[in-house]
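If you're wondering where the values come from, they're calculated on a predicted model, not measured in any experiment. What you see below is based on every heavy atom in this structure, not just the backbone, and it leaves out hydrogens, waters and symmetry mates. Chain identifiers are assigned alphabetically (A, B, ...) following the order of the sequence lines, protein sequences preceding nucleic acid strands; residue numbering begins at 1 within each chain.
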Protein chains: 2
Amino acid sequence: MSRTTGDRRAEIIQAAVEVIAERGYRGASLGAVAERVGLTQQGLLHYFPTKEALLVAVLAARDQWDVASTALHGTTWPLEMLTSLVEYNATRPGIVQTFTVLAGDSVTEDHPARAYFEERYRWVREGAADMLRAEFGERLPGGLTPERAAPLLVAVMDGLQVQWLLDPAAVDMAAAFRDFVALLGGTGNT
Amino acid sequence: MSRTTGDRRAEIIQAAVEVIAERGYRGASLGAVAERVGLTQQGLLHYFPTKEALLVAVLAARDQWDVASTALHGTTWPLEMLTSLVEYNATRPGIVQTFTVLAGDSVTEDHPARAYFEERYRWVREGAADMLRAEFGERLPGGLTPERAAPLLVAVMDGLQVQWLLDPAAVDMAAAFRDFVALLGGTGNT
DNA sequence: GTCTATAATAAGATAGAC
DNA sequence: GTCTATCTTATTATAGAC
């Protein structure tokens, strides 16, 4: 059945996300992923013919997950929405870790996820600029425009994730992000 | 001679930095590093008995490099100094890439560089807080304190590096950093 | 100090049985 | 759809000659 096959694939993708979080992409062996869903390495290759095909599926799943969690936590004010996304992320270290590791890895030569992250950051910056424009208009503190603030917003989200993953006790990711929103002149601060 | 040995070790460390930038830590084989300095893999092991020992040396070299470049570009105003560090980094994609990759990798389980980055971020945040206090005093825009702005400053630097490495044409790392300084109420903006 | 030889694993992938 | 068997290639590391 194609239903069963889809379920199996979803299980495998989930397992791959976990193993990548623990050991990175290069360190994530197909055998370790397979074992987690009760398959042999060769059995897994029936669903994803190569390791790279599995990675592509993991990245595609992330995009879908983004859309879903945005819908789930959608509120009226765009920046509020981003703040709740950060709060939500703070409860899901596994996923955050997987994509922090992959994004870092992707800057290496000929990395199979490089094009994905290049494109992803481009549209994330565009989305952030739109969001900032809707929230604050054309003029932001420090003489910034939404387009110039956008890469900073994205950088803060990513950079905080690294610090938080390394030392969750020392870095309150959600609070820090609200601090940044406050810097932009928003009302994200309590 | 111990002089020759030191030179050789320095060469090897430099080669390791390059190979890690290209392929990540797990992807950086000792053979590839050795080849770059005209040695066999086994010849390299004479200088660094294990792969992990070489990584430790790479991390130690980074700390020394930090100190050196700080001295080199030191100016009177602390934040100006950081801005020139970012400008300097924008001319050295190799080093930036190595440590972006290593930092991302380090969040995985039992990674040999994990403790290093954990400590490093701790003191970098402390240093940033001191710098912000010296520059702006106790009160920053958005009701922030130096301690609360510090992780944001560090996050911006790191996050911009990822975006810049992936797409240098789309992200002007130094300009964006100056924009962030402007947000803090500084005069880093032209 | 650097090499050759080699051990010991481990990985991704293919072929083909059931 | 999943397995066993196997190929091929890499990798870290050790032993010991020169």
Counterpart residues, side chain to side chain contact (heavy atoms under 4.5 Å, CB included), relative to [X] (two or more places apart):
X	result
B:V33	B:I12, B:A15, B:A16, B:V19, B:L44, B:L54
A:E147	A:A129, A:R133, A:T145
A:S29	A:R23, A:A32
A:S106	A:H111, A:A113, A:F117, B:L166

Worksheet item: Under a 4.0 Å heavy-atom cut-off, which of residues 50-60 of chain B touch DNA chain D?
Response: B:T50, B:K51
Worksheet item: So, is B:T5 near the phosphate of C:dG1, with a side-chain N or O under 4.0 Å from OP1 or OP2?
Response: yes
Please enumerate all residues that pass side-chain hydrogen bond (donor to acceptor under 3.5 Å, both in side chains) together with [X], with sequence neighbours excluded.
X	result
A:Q163	B:R125
A:E22	A:R36
A:D63	A:Y116
A:E87	A:R178

For [X] and [N], give me the distance from atom [atom1] to atom [atom2], rounded to whole Å.
X	N	atom1	atom2	result
A:F48	C:dA13	CZ	P	14 Å
B:R9	C:dG1	CZ	C1'	14 Å
A:L45	C:dA11	CG	C1'	11 Å

Item to complete: Return the residues of residues 21-37 of chain A meeting this criterion: a heavy atom under 4.0 Å from some atom of DNA chain C. Order them by number, or give none.
Response: A:A28, A:S29, A:L30
Practice prompt. Could you pull out the closest heavy-atom pair between A:R122 and B:D167, with the gap in Å?
Written response: NH1-OD2, 3.0 Å
Find every protein N or O atom lying less than 3.5 Å from an N or O atom of nucleotides 3-5 of chain C, and list the pairs.
residue: C:dC3; atom: OP2; partner: B:T40; partner atom: N; Å: 3.0
residue: C:dC3; atom: OP2; partner: B:T40; partner atom: OG1; Å: 3.0
residue: C:dA5; atom: N6; partner: B:Q42; partner atom: NE2; Å: 2.6

Worksheet item: Which pairs count as ring pair (Phe, Tyr, Trp, His ring centres under 6.0 Å) when at least one residue sits in residues 143-166 of chain B, sequence neighbours excluded?
Response: none
